[in-house]
Amino acid sequence: MSRRSAQATCANLNHTRSNPRVRFCLDCGGAVNPAAPPRTCGQALHQERMRERARFCADCGRQLIADD
């Protein structure tokens, strides 16, 4: 499933919020608030998010967990 098609069906509420605190959706990787202040992410943060079962990084949009 591509990132674009995932956005169309994504149920994450960050897509409907007027001012979400994250730059990218954790479920589909789509940009939800490009104006959010950028945070530095790296391997340690990505590993933490993978343990939390986030499919994408909320800071950089990188895919963390492979599609099934």
Side-chain angles (χ1 to χ4, degrees):
M1 181 183 304
S2 73
R3 187 180 287 192
R4 183 178 288 297
S5 64
Q7 285 178 326
T9 60
C10 184
N12 189 299
L13 295 178
N14 281 325
H15 291 284
T16 60
R17 291 190 172 113
S18 61
N19 192 18
R21 295 185 306 171
V22 296
R23 294 173 66 86
F24 296 94
C25 176
L26 295 169
D27 296 333
C28 72
V32 292
N33 186 3
R39 293 178 45 197
T40 303
C41 60
Q43 190 62 25
L45 182 61
H46 287 167
Q47 288 176 347
E48 180 181 331
R49 292 230 169 101
M50 284 188 281
R51 284 191 296 274
E52 296 169 353
R53 298 220 176 257
R55 291 185 61 214
F56 294 87
C57 178
D59 298 315
C60 68
R62 178 178 166 200
Q63 186 170 358
L64 303 174
I65 297 175
D67 290 334
D68 296 333

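Every value quoted in this text rests on a predicted model; they were computed, and no experiment measured them. Just so it is clear, the values below take in all heavy atoms, side chains as well, and ignore hydrogens, waters and symmetry mates.
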Name all residues meeting the side-chain contact (heavy atoms from CB on, under 4.5 Å) criterion together with R17; count only those two or more places apart in sequence or in a different chain, and write none if there are none. L13, N14, P20
Are the side chains of M50 and L64 in contact, using a 4.5 Å heavy-atom criterion? yes
Running the 4.5 Å side-chain criterion over Ile, Leu, Val, Met, Phe, Trp and Tyr, what cluster does V22 land in, apart from itself? V32
Taking every non-hydrogen atom, the tightest pair across R23 and A36: NH1-O, 2.5 Å
Looking at every non-hydrogen atom in both residues, tell me the closest pair between I65 and A54 and how far apart they are. CD1-O, 3.4 Å
Inter- and intrachain pairs under salt bridge (Lys or Arg N to Asp or Glu O under 4.0 Å), touching residues 34-52, at least two apart: R49-D59
Between SG on residue C25 and CZ on residue F56, distance to nearest 0.5 Å: 8.0 Å
Interatomic spacing from CZ in F24 to SG in C60 - rounded to 0.5 Å: 7.5 Å
As an exercise, state the distance from CG of L26 to SG of C10, rounded to the nearest 0.5 Å. 9.5 Å
